[in-house]
Protein chains: 2
Amino acid sequence: MKRVSIKDVAREAGVSTATVSYVLNRHPGESISAETTQRVLEAAARLNYVPNLNARSLSSRHTNLIGVLIPQTEPGKAFVFSNPFYGELLSAIEYTARENGYHLLLSGTREDQNYASIAQNRGVDGIVIVGTYPGENLDALRTIGVPVVLVDSYVTDSAFHTIGIRDREGARMATQYLIEKGHRDIAFVSGSIRENGVNSKRYQGYCEAMQAAGLPVRQDALYLGTVSHEFGQQAADMYVQRGAKQTAAFVTADILAMGFAKGLMERGVSIPKDISIVGFDDVYLAQMCYPSLTTVHQDIAQKGKLAVQCILDALENPNAGRMEHILPLTLTERDSVEERSAGEC
Amino acid sequence: MKRVSIKDVAREAGVSTATVSYVLNRHPGESISAETTQRVLEAAARLNYVPNLNARSLSSRHTNLIGVLIPQTEPGKAFVFSNPFYGELLSAIEYTARENGYHLLLSGTREDQNYASIAQNRGVDGIVIVGTYPGENLDALRTIGVPVVLVDSYVTDSAFHTIGIRDREGARMATQYLIEKGHRDIAFVSGSIRENGVNSKRYQGYCEAMQAAGLPVRQDALYLGTVSHEFGQQAADMYVQRGAKQTAAFVTADILAMGFAKGLMERGVSIPKDISIVGFDDVYLAQMCYPSLTTVHQDIAQKGKLAVQCILDALENPNAGRMEHILPLTLTERDSVEERSAGEC
DNA sequence: CGCCTTTACTTAACCGTTTCAGTGGTTTTA
DNA sequence: TAAAACCACTGAAACGGTTAAGTAAAGGCG
């Protein structure tokens with residue numbers, strides 16, 4: 001199974017490999033006669049020639065490859081499990097990349113891992129990293145020489161481009177919405193709050209909204225664990241066992257909200273009658289579950305698209321400075337929230 | 001931002017590049033003194049040397065790259081949207097691949113696309129293709145010279161390895177289960193049935209079970225569309241508009257079942273009280289939704305793992321023949337099915 | 001001691017491309 | 001009509017590695 005190389009084409013067409021290369025890449029400022037072009041093209045077609053992109057990258061110094069790193073919380077546990085958000089994002093990234101002639105090198109990340117290795121090993125042209133925390137070791141990335149875009153990260157480093165949302169404001173909006181609907185005692189259900197992580201921002205937003213309305217942030221209204229469906233159910237457990245009386249909950253991820261809702265419903269708590277829920281992300285599932293989820297909507301597809309676009313822009317114009325995109329957030333009303341008249345509580 | 005190459009290391013250590021290469025790759029039968037080894041290793045560490053895998057593949061003729069092709073039903077619509085099954089599978093593939101030192105080259109596929117191109121371009125060592133139909137043009141893959149494994153495909157071609165399940169039997173099992181629960185009038189909700197496609201097998205299984213029980217397969221009990229949450233809801237629409245009286249439904253994909261269930265519940269049909277539902281795949285979501293889904297369970301993680309393993313085996317032993325793995329199917333009982341006493345209907 | 005191994009390297013070819021720097025031949029310009 | 005410019009190519013180096021073959025020195029053996 002001998003691969004046919006440019007040499008074979010050159011021989012077949014009776015020209016040099018350089019000529020074949022020029023013909024195939026339509027080099028600007030190079031002139032190849034129509035006749036030769038024709039001959040080369042025919043030879044290539046006849047031999048079924050496909051250029052070897054690896055070899056090409058070796059000399060051209062770029063690979064048309066984008067590295068994508070997605071968090072894989074637990075080693076055995078795959079990333080899409082923990083949050084479908086990643087799957088949707090990945091899809092958008094893949095689509096945009098391919099549209100622009102790039103392929104994706106996919107890797108799950110664990111915290112102990114050297115973020116830079118894939119990039120260096122394979123010589124990717126750019127890297128998209130999803131959800132890192134400040135404090136993780138990103139030093140190797142800083143000097144790697146290819147554009148790096150951080151999606152949903154509060155790492156601030158002039159070496160990295162960022163795509164994000166205003167998590168704090170989104171959370172405030174969600175909480176405020178519940179308050180406007182007449183709720184006073186509002187639970188906060190979330191993955192663990194790490195400093196400068198996404199969840200800590202959302203917690204801030206929650207607190208701000210509560211305080212602005214003159215409502216207390218009670219410790220026992222906080223349900224903190226991991227961003228997973230399981231923990232959502234555990235939180236529901238805690239809710240009923242404590243005999244908690246929050247009439248609403250702001251949950252910082254849809255997947256978590258789904259688990260929470262399910263756990264509650266199974267224990268006889270009705271949604272939204274007994275408790276209203278607002279999620280975050282507007283994952284595709286949010287409209288699929290029952291009851292469908294009122295949630296803070298972000299354009300996940302756009303996020304993925306921008307991430308790739310950002311790499312592309314940086315590649316095109318290496319001297320342009322750091323780029324920062326903030327996507328708008330809106331509140332999508334569905335069926336998991338109910339108005340509560342003042343007297344009811 | 002000059003990359004440090006093996007030459008730099010060689011210079012730094014005062015040896016030839018060959019020596020560096022030998023040291024780094026612990027070549028069997030080659031002897032390098034402990035002292036030199038030490039010197040090279042130190043030089044490499046000092047310079048922060050990372051081998052360029054692309055260059056390596058050029059001479060070593062393998063890339064440690066596995067190409068993964070996942071169907072992307074509609075161009076704009078990302079693959080995980082259409083079915084979370086793919087996301088879970090992909091995760092498992094990624095995990096197993098990386099465990100074995102392989103990276104993943106990910107690509108969505110559309111029908112019009114040349115399956116072989118990525119493989120040829122990038123020189124991947126193996127290809128995993130998910131969900132192709134017989135009749136699609138796979139010729140280019142046959143002569144590509146790297147192992148190809150088809151996941152969930154009824155293409156029979158000695159050139160390809162396969163990983164699959166007994167779709168027909170799974171469907172029979174599900175339908176039989178509903179029959180045993182006392183249901184006589186059972187709907188079949190599915191994506192479109194293409195010859196020799198997965199859904200056609202599941203349809204066969206459904207028919208077999210019905211016939212074995214002496215029950216008719218009624219045309220108006222068939223709800224055929226696409227494998228998507230939307231169509232599930234549409235099917236629910238049809239169900240209530242027709243005033244259908246099926247007391248149970250076998251739905252050929254969990255995602256579809258979720259849409260169906262949701263559509264029904266929103267129209268006041270209760271599950272499982274009014275209608276029982278059995279899904280297929282046991283996607284992670286099946287246990288997350290409410291009510292949780294009774295479904296035909298397959299080990300998706302295992303499927304992904306086997307796909308990679310299959311490539312690895314074929315690479316190790318190129319002369320071994322075609323491999324075929326069939327994974328077992330079981331029925332997972334949850335909350336979407338209810339027994340129906342004979343008189344009730 | 002001379003010959004054969006073994007050890008510990010080095011040399012150089014090669015993998016498949018790209019691309020810079022020619023090279024003849026023809027055409028244009030001064 | 002000689003010099004300059006242009007055209008249509010070719011040669012060869014370079015990209016960063018691997019590896020077969022070669023070599024010089026040391027060690028073993030009769």
Side-chain angles (χ1 to χ4, degrees), chain A residues 1-41 43-44 47-65 119-125 145, chain B residues 1-41 43-44 47-65 119-125 145:
Chain A
M1 188 61 56
K2 179 83 181 60
R3 263 197 80 114
V4 3
S5 81
I6 201 171
K7 280 182 200 156
D8 303 313
V9 178
R11 195 181 320 113
E12 176 85 6
V15 296
S16 71
T17 63
T19 304
V20 176
S21 178
Y22 285 135
V23 168
L24 262 29
N25 303 327
R26 300 238 134 280
H27 222 72
E30 273 299 328
S31 46
I32 306 288
S33 72
E35 193 218 349
T36 304
T37 300
Q38 174 78 355
R39 206 143 38 90
V40 168
L41 257 22
L47 297 181
N48 223 317
Y49 169 70
V50 184
N52 178 330
L53 297 190
N54 286 329
R56 175 176 296 173
S57 3
L58 196 54
S59 54
S60 71
R61 333 275 296 166
H62 64 261
T63 53
N64 273 51
L65 231 38
Q120 299 197 112
N121 288 325
R122 298 283 180 192
V124 299
D125 292 342
Chain B
M1 188 59 55
K2 178 84 178 60
R3 263 197 78 113
V4 2
S5 80
I6 200 172
K7 281 182 199 152
D8 303 314
V9 178
R11 195 181 318 112
E12 176 86 6
V15 296
S16 71
T17 65
T19 303
V20 176
S21 179
Y22 285 134
V23 168
L24 262 28
N25 302 326
R26 301 238 134 277
H27 222 74
E30 274 299 329
S31 45
I32 307 287
S33 72
E35 192 218 348
T36 304
T37 300
Q38 174 78 355
R39 206 144 36 90
V40 168
L41 257 23
L47 297 181
N48 223 318
Y49 170 70
V50 184
N52 178 329
L53 297 191
N54 286 329
R56 176 176 295 173
S57 10
L58 198 52
S59 51
S60 70
R61 332 278 293 168
H62 64 261
T63 53
N64 273 49
L65 230 38
Q120 300 197 111
N121 288 324
R122 299 281 181 193
V124 299
D125 292 342

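Lettering follows sequence order; numbering is per chain, from 1. Computed from heavy atoms alone, side chains included, the values below leave out hydrogens, waters and symmetry copies.
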Trainee: Looking at residues at least two apart in the chain, or sitting in another chain, which of them share a side chain to side chain donor-acceptor pair (under 3.5 Å) with Thr37(B)?
Mentor: none
Trainee: Would you please name every residue forming a side chain to side chain contact (heavy atoms under 4.5 Å, CB included) with Ser57(A), sequence neighbours left out?
Mentor: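 Per chain and number, Ser57(A) pairs via side chain to side chain contact (heavy atoms under 4.5 Å, CB included) with Thr63(A), Asn54(B).
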Trainee: Can you list everything that forms a side chain to side chain donor-acceptor pair (under 3.5 Å) with Ser21(A)? Sequence neighbours excluded, please.
Mentor: Asn25(A)
Trainee: Tell me, please, which residues at least two apart from Asp125(A) pass salt bridge (Lys or Arg N to Asp or Glu O under 4.0 Å).
Mentor: none
Trainee: Contact between Arg122(B) and Leu65(A) at the side-chain level, heavy atoms closer than 4.5 Å - yes or no?
Mentor: yes
Trainee: Which residues satisfy the side chain to side chain donor-acceptor pair (under 3.5 Å) test with Asn121(A), sequence neighbours excluded?
Mentor: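 Counting only residues at least two positions away or on another chain, Asn121(A) forms no side chain to side chain donor-acceptor pair (under 3.5 Å).
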Trainee: Atom CG of Leu24(B) and atom P of dT19(D): how far apart are they, to the nearest Å?
Mentor: 13 Å
Trainee: Please list, chain by chain and in numerical order, all residues satisfying salt bridge (Lys or Arg N to Asp or Glu O under 4.0 Å) with Arg61(A), sequence neighbours excluded.
Mentor: none
Trainee: For a quick check, with a 4.0 angstrom heavy-atom cut-off, what is the B/S/- contact string for nucleotides 10-15 of chain D, read 5' to 3'?
Mentor: BB---B
Trainee: What residues, two or more places apart in sequence or in another chain, satisfy ring-ring contact (aromatic ring centres under 6.0 Å, His included) together with Tyr49(A)?
Mentor: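 Tyr49(A) satisfies ring-ring contact (aromatic ring centres under 6.0 Å, His included) with no other residue.
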Trainee: For a 4.0 angstrom threshold against heavy atoms of chain A, report the outermost contacting nucleotides of DNA chain C in 5' to 3' order.
Mentor: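 It runs dC15(C) to dC20(C).
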Trainee: Is any side-chain heavy atom of Leu53(A) closer than 4.5 Å to a side-chain heavy atom of Asn64(A)?
Mentor: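 Heavy-atom side-chain distance check fails, nothing below 4.5 Å.
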Trainee: Less than 4.0 angstrom between a side-chain N/O of Arg56(B) and OP1 or OP2 of dG16(D), yes or no?
Mentor: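 Checking dG16(D) against Arg56(B), no side-chain N or O comes under 4.0 Å of OP1 or OP2.
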Trainee: Categorize Ser21(B) for me: base, sugar-phosphate, or nothing, with a 4.0 angstrom heavy-atom threshold over every strand shown.
Mentor: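 It contacts base atoms.
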Trainee: If an axis is fit to five pairs at each end of the helix from dC1(C)-dG30(D) to dA30(C)-dT1(D), what is the angle between the two, to the nearest 10°?
Mentor: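 Rounded to the nearest 10 degrees, the bend comes out at 50°.
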Trainee: Just checking Ser57(B): base, sugar-phosphate only, or nothing, at a heavy-atom cut-off of under 4.0 Å?
Mentor: nothing
Trainee: Using a 4.0 Å heavy-atom cut-off across all strands, classify Val50(B) as base, sugar-phosphate, or nothing.
Mentor: sugar-phosphate
Trainee: Looking at residues at least two apart in the chain, or sitting in another chain, which of them share a side chain to side chain donor-acceptor pair (under 3.5 Å) with Thr36(B)?
Mentor: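 Thr36(B) satisfies side chain to side chain donor-acceptor pair (under 3.5 Å) with Ser33(B) only.
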Trainee: For residues 10-22 of chain A, which residue pairs qualify under salt bridge (Lys or Arg N to Asp or Glu O under 4.0 Å), counting only residues two or more places apart or in two chains?
Mentor: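 Checked against salt bridge (Lys or Arg N to Asp or Glu O under 4.0 Å) - neighbours excluded - the pairs reaching residues 10-22 of chain A are Asp8(A)-Arg11(A), Glu12(A)-Arg46(A).
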